[in-house]
Amino acid sequence: MDTDRIEEEARLLHDPDEDTNRSQQKGAGRWILSLLVLAGLGYFIYYAWGHWVKPAAADATPAQSAAAGGGGRGGGRGGVGPRGAAVVTIAARRVDMPVYLRGLGTAAANNTVVVRSRVDGQLQHVAFREGQFVEQGDLLAEIDKRPFEVQLAQAKGQLARDQAQLQSAKMEQQRNQLLLEKGLIPRQQVDLQAATVAQYEGAIQADQALIDSANLQITYSRIIAPISGQIGLRLVDEGNIIRAADPNGMVVITQLEPIAVLFSIPEDNLGDVLKKLRAGQQLRVEAWDHDDSKKIADGILLTADNQIDATTGTSKLKAIFDNKNNALYPNQFVNVRLLIDVLRGAVVVPGATIQRGSQGTFVYVVTEDQTAELRMVTIKETEGNDVAIASGLKPGESVVLEGMDKVQDGGRVDVQSPGQSSEEVPGGRRGGGGGFGGGRGGRGRGQRNGG
């Protein structure tokens with residue numbers, strides 16, 4: 001009885017709404033927990049895909065392609081390996097390398113003439129234009145010649161008078177000679193008349209000289225070009241009185257064709273130059289612009305100075321240029337290159353490939369298996385950006401041009417094209433064995449550039 005009563009009271013005390021709330025709370029907690037678990041799992045999958053699965057798949061693809069491409073040749077060599085240092089290579093060339101002596105030169109006119117008047121007078125006419133090119137003998141200006149024409153007429157009048165007096169004196173001399181033979185006049189009178197004839201003959205010579213002088217003054221009133229060249233700026237205008245003693249003259253003519261260039265070389269190189277000059281060789285000279293980027297003209301070496309400048313230890317040389325295009329101008333500064341020798345069949349690489357260490361100069365050579373080999377070399381000659389190698393390198397071998405700061409002797413390298421980043425390297429170059437295989441059945445692009 002007591003048990004039945006207790007159970008009845010428990011049923012009366014039990015609240016059905018409370019049971020429902022508890023069930024709902026438990027269901028919501030389980031749902032939130034499930035969402036958290038799913039979110040964590042999704043993040044883990046995303047992280048694993050981005051850091052492990054995707055790189056592994058990318059590295060495995062070149063190897064699989066290499067294996068597939070090399071299968072036709074007995075199995076591929078394209079195993080996956082560590083990525084090498086990214087480098088840019090260049091092949092050693094066998095070329096004829098010119099050797100130049102370089103110096104700073106100054107263009108100098110072969111001839112320069114200050115045109116001055118040789119007579120005094122008024123400048124009546126100017127026949128040239130400033131900057132004009134003239135030939136020798138061309139008319140430049142005219143001076144009023146009327147005063148000289150008057151002097152010429154006066155000299156001719158004196159000549160006519162003296163000629164008449166001379167004729168009269170000679171006739172008198174002939175009469176005196178007849179009278180002397182008959183003993184009618186003394187010898188002294190005959191000698192006196194002979195002296196008078198000689199005096200008139202001298203006067204006639206003086207008159208002729210005055211005539212020649214007047215004609216010469218008239219000739220000088222026409223100013224002509226003494227040389228061929230370019231006219232400078234006019235210093236005297238028409239209508240002015242000019243004098244032969246004027247220090248500035250009328251105008252300056254500069255000969256530009258040909259034109260000379262004066263430059264200096266170290267005295268240590270003078271012996272080689274003189275040896276070739278004395279042997280009759282014509283040494284070619286090139287004139288380049290001020291920043292040494294554009295060649296202006298070609299010429300030949302004319303001569304060397306007869307002494308060395310003790311203050312600078314240099315010798316002055318003179319080259320001649322035909323300057324048909326008038327590219328060179330007097331007092332223009334130019335960079336001069338004197339061709340002193342040509343190295344036939346030299347092995348040449350860019351100077352940027354040369355490295356220097358405690359044991360000497362060396363380069364990194366990329367072998368066929370895409371590894372870097374430190375190679376000691378001997379430099380024969382350097383010209384601009386090119387270096388001629390005397391020993392240690394063969395034509396066609398690939399040397400590292402860029403990226404050598406990451407290269408080690410015997411280490412693997414990935415050969416890239418100039419300007420290509422490491423992310424742009426194709427599959428055939430990224431992996432250690434990616435240099436082989438591919439559609440060409442054995443050798444990838446990277447290995448062709450490297451070897």
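Only heavy atoms go into these numbers, but all of them, side chains included; no hydrogens, no water, no symmetry mates.
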Q: Is there a side-chain contact between Val273 and Leu101, using heavy atoms and a 4.5 Å cut-off?
A: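 When only atoms from C-beta onward are counted, Leu101 and Val273 do touch, with a gap below 4.5 Å.
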Q: Would you say that Thr353 contacts Ile90 through its side chain, given a criterion of any heavy-atom pair below 4.5 Å between the two side chains?
A: yes
Q: Is Met250 close to Leu235 at the side-chain level, that is, under 4.5 Å between some pair of heavy atoms?
A: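 Sidechains of Met250 and Leu235: no contact.
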Q: With sequence neighbours excluded, what pairs up with Glu373 under the side chain to side chain donor-acceptor pair (under 3.5 Å) test?
A: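 In terms of side chain to side chain donor-acceptor pair (under 3.5 Å), with neighbours along the sequence ignored, Glu373 is linked to Arg375.
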Q: Got a donor-acceptor contact below 3.5 angstrom from the Thr361 side chain to the Val377 backbone?
A: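 Yes; at least one donor-acceptor contact below 3.5 Å.
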Q: Please check: side-chain N/O of Thr219 versus main-chain N/O of Asn215, any donor-acceptor pairing under 3.5 Å?
A: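 Checking the backbone N and O of Asn215 against the side chain of Thr219, a donor-acceptor pair under 3.5 Å is found.
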Q: Not counting sequence neighbours, which residues clear salt bridge (Lys or Arg N to Asp or Glu O under 4.0 Å) with Arg93? List them please.
A: Asp386
Q: Sequence neighbours left out, what passes side chain to side chain donor-acceptor pair (under 3.5 Å) with Asp291? Give chain and number order.
A: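 For Asp291, the residues satisfying side chain to side chain donor-acceptor pair (under 3.5 Å) (neighbours in sequence not counted) are Ser293.
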Q: Contact between Met404 and Gln355 at the side-chain level, heavy atoms closer than 4.5 Å - yes or no?
A: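 Side chain of Met404 against side chain of Gln355, heavy atoms only: contact under 4.5 Å found.
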Q: Pairs in or reaching into residues 324-350: which pass salt bridge (Lys or Arg N to Asp or Glu O under 4.0 Å), with residues at least two apart or in two chains?
A: Asp96-Arg344, Asp292-Arg337
Q: Is there a side-chain contact (heavy atoms from CB on, under 4.5 Å) between Phe128 and Leu139? Walk through the geometry before answering.
A: CA-CA 8 Å; Phe128 64 86; Leu139 177 64; over 6 Å; no
Q: Mind checking the CG-CD spacing from Asn111 to Gln136? Nearest 0.5 Å is all I need.
A: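 Answer rounded to 0.5 Å: 10.0 Å.
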Q: For Asp120 and Ala244, indicate whether the former's side chain and the latter's backbone hold a donor-acceptor pair under 3.5 Å.
A: yes
Q: Look at atom CD of Gln167 and say whether more than 12 heavy atoms of other residues, nucleotides or ligands are closer to it than 6.0 Å.
A: no
Q: Indicate yes or no: at least one non-hydrogen side-chain atom of Leu140 is less than 4.5 angstrom from one of Ile253.
A: yes
Q: So, Gln177 side chain and Gln174 main chain: donor-acceptor pair closer than 3.5 Å or not?
A: no
Q: Can you sort out the partners of Asp309 under salt bridge (Lys or Arg N to Asp or Glu O under 4.0 Å), two or more places apart, ordered by chain and number?
A: none
Q: Once side chain to side chain donor-acceptor pair (under 3.5 Å) is applied, what residue pairs with a partner in residues 259-281 remain, sequence neighbours excluded?
A: none
Q: Could you tell me which residues satisfy side chain to side chain donor-acceptor pair (under 3.5 Å) with Tyr100, sequence neighbours excluded, listed by chain and number?
A: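 Per chain and number, Tyr100 pairs via side chain to side chain donor-acceptor pair (under 3.5 Å) with Arg284, Glu286.
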Q: If you measure from CZ on Arg222 to CD1 on Ile143, what distance do you get to the nearest 0.5 Å?
A: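 If I round to the nearest 0.5 Å, the distance is 11.5 Å.
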Q: What do you reckon, is CD of Glu172 surrounded by more than 12 foreign heavy atoms closer than 6.0 Å?
A: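 Atom CD in Glu172 is packed in, count exceeds 12.
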Q: With heavy-atom distances below 4.5 Å as the criterion, would you say the side chains of Val349 and Ile389 are in contact?
A: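 Sidechains of Ile389 and Val349: in contact.
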Q: Hey, is the main chain of Arg234 close enough, under 3.5 Å, to the side chain of Glu130 for a donor-acceptor pair?
A: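 Yes, because the side chain of Glu130 sits within donor-acceptor range (under 3.5 Å) of the backbone of Arg234.
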Q: List the atom of Ala327, the atom of Gln332, and the distance in Å for their closest heavy-atom pair.
A: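 So the two residues come closest at O-OE1, 3.5 Å.
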Q: Would you give the length of the straight line joining atom CD1 of Ile223 to atom CD of Glu142, rounded to the nearest 0.5 angstrom?
A: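 Interatomic distance, Ile223 CD1 to Glu142 CD, rounded to 0.5 Å: 9.5 Å.
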Q: Ignoring hydrogens and angles, tell me if any N or O in the side chain of Asp246 forms a donor-acceptor pair with the backbone of Ile242 under 3.5 Å.
A: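 Absent.
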Q: Looking at CD1 of Ile218 and CD of Glu149, how far apart are the two atoms once the value is rounded to the nearest 0.5 Å?
A: 5.0 Å
Q: Indicate the atoms forming the closest heavy-atom contact of Ala260 with Asn110, along with that distance.
A: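 Distance-wise, the nearest heavy atoms are CB-OD1, 4.4 Å.
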Q: Less than 4.5 Å apart, side chain to side chain, heavy atoms only: is that true for Leu270 and Leu317?
A: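 With C-beta onward as the side chain, the pair touches.
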Q: Which heavy atom in Lys394 sits nearest to a heavy atom in Val347, and how many Å separate them?
A: C-CG1, 4.3 Å
Q: Could I get the full list of side chain to side chain donor-acceptor pair (under 3.5 Å) partners for Gln208, not counting sequence neighbours?
A: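 With sequence neighbours excluded, Gln208 shows a side chain to side chain donor-acceptor pair (under 3.5 Å) to Asp212, given in chain and number order.
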Q: To check you understand the geometry: which heavy-atom pair defines the closest contact between Val413 and Ala372, and what is its length?
A: CG1-CB, 4.0 Å
Q: Filter on salt bridge (Lys or Arg N to Asp or Glu O under 4.0 Å), then keep only pairs touching residues 294-304, sequence neighbours left out; what's left?
A: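 Every pair satisfying salt bridge (Lys or Arg N to Asp or Glu O under 4.0 Å) with a residue in residues 294-304: Lys295-Asp298.
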Q: State which residues pass salt bridge (Lys or Arg N to Asp or Glu O under 4.0 Å) with Asp144; sequence neighbours excluded, sorted by chain then number.
A: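 Partners of Asp144 by the salt bridge (Lys or Arg N to Asp or Glu O under 4.0 Å) criterion, ordered by chain and then number, come out as Arg146.
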Q: Please indicate whether Met376 has more than 12 foreign heavy atoms, meaning atoms of other residues, nucleotides or ligands, lying under 6.0 Å from its CE.
A: yes
Q: By salt bridge (Lys or Arg N to Asp or Glu O under 4.0 Å), which residues pair with Arg129, not counting sequence neighbours?
A: none
Q: Would Gln132 and Gln230 count as a side-chain contact (heavy atoms from CB on, under 4.5 Å) if you check the C-alpha gap in whole Å, the side-chain angles of each, and the deciding distance to 0.1 Å?
A: CA-CA 6 Å; Gln132 175 186 353; Gln230 185 179 17; over 6 Å; no
Q: Using atom types as modelled and distance alone, determine if a side-chain donor or acceptor of Arg102 lies under 3.5 Å from a backbone N or O of Asn335.
A: no
Q: Among all residues two or more places apart in sequence or in another chain, which pass the ring pair (Phe, Tyr, Trp, His ring centres under 6.0 Å) test with Phe362?
A: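 Once residues adjacent in sequence are excluded, the partners of Phe362 under the ring pair (Phe, Tyr, Trp, His ring centres under 6.0 Å) criterion are Tyr364.
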Q: Got a second to check how far Thr196's OG1 is from Leu166's CG, nearest 0.5 Å?
A: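 So the gap between those two atoms works out to 10.5 Å.
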Q: What pair of heavy atoms forms the shortest contact from Gln416 to Ala86, and how long is it?
A: NE2-CB, 2.6 Å
Q: Is Pro226 close to Val115 at the side-chain level, that is, under 4.5 Å between some pair of heavy atoms?
A: yes
Q: For residues Leu301 and Lys318, report the shortest heavy-atom separation together with the two atoms involved.
A: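 For Leu301 and Lys318, the tightest heavy-atom pair comes out as CD1-O, 3.5 Å.
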Q: If you apply the rule side-chain contact (heavy atoms from CB on, under 4.5 Å), what do you find for Leu328 with Leu256, and how did you get there?
A: CA-CA 8 Å; Leu328 293 175; Leu256 301 181; over 6 Å; no
Q: So, Glu238 side chain and Val126 main chain: donor-acceptor pair closer than 3.5 Å or not?
A: yes
Q: If you apply the rule side-chain contact (heavy atoms from CB on, under 4.5 Å), what do you find for Phe321 with Glu257, and how did you get there?
A: CA-CA 8 Å; Phe321 295 78; Glu257 302 176 15; over 6 Å; no
Q: Is there a donor-acceptor pair under 3.5 Å between the side chain of Gln193 and the backbone N or O of Ala169?
A: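 Answer holds: yes.
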Q: Please determine, by modelled atom types, if Ser228 and Glu135 share a side-chain donor-acceptor pair under 3.5 angstrom.
A: yes
Q: With no hydrogens and no angle check, is any side-chain donor or acceptor of Asp409 less than 3.5 Å from a backbone partner on Leu374?
A: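 Here the side-chain-to-backbone pair exists.
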Q: Roughly how far, to the nearest 0.5 Å, is the CG atom of Asn323 from the CD1 atom of Ile259?
A: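 So the gap between those two atoms works out to 5.0 Å.
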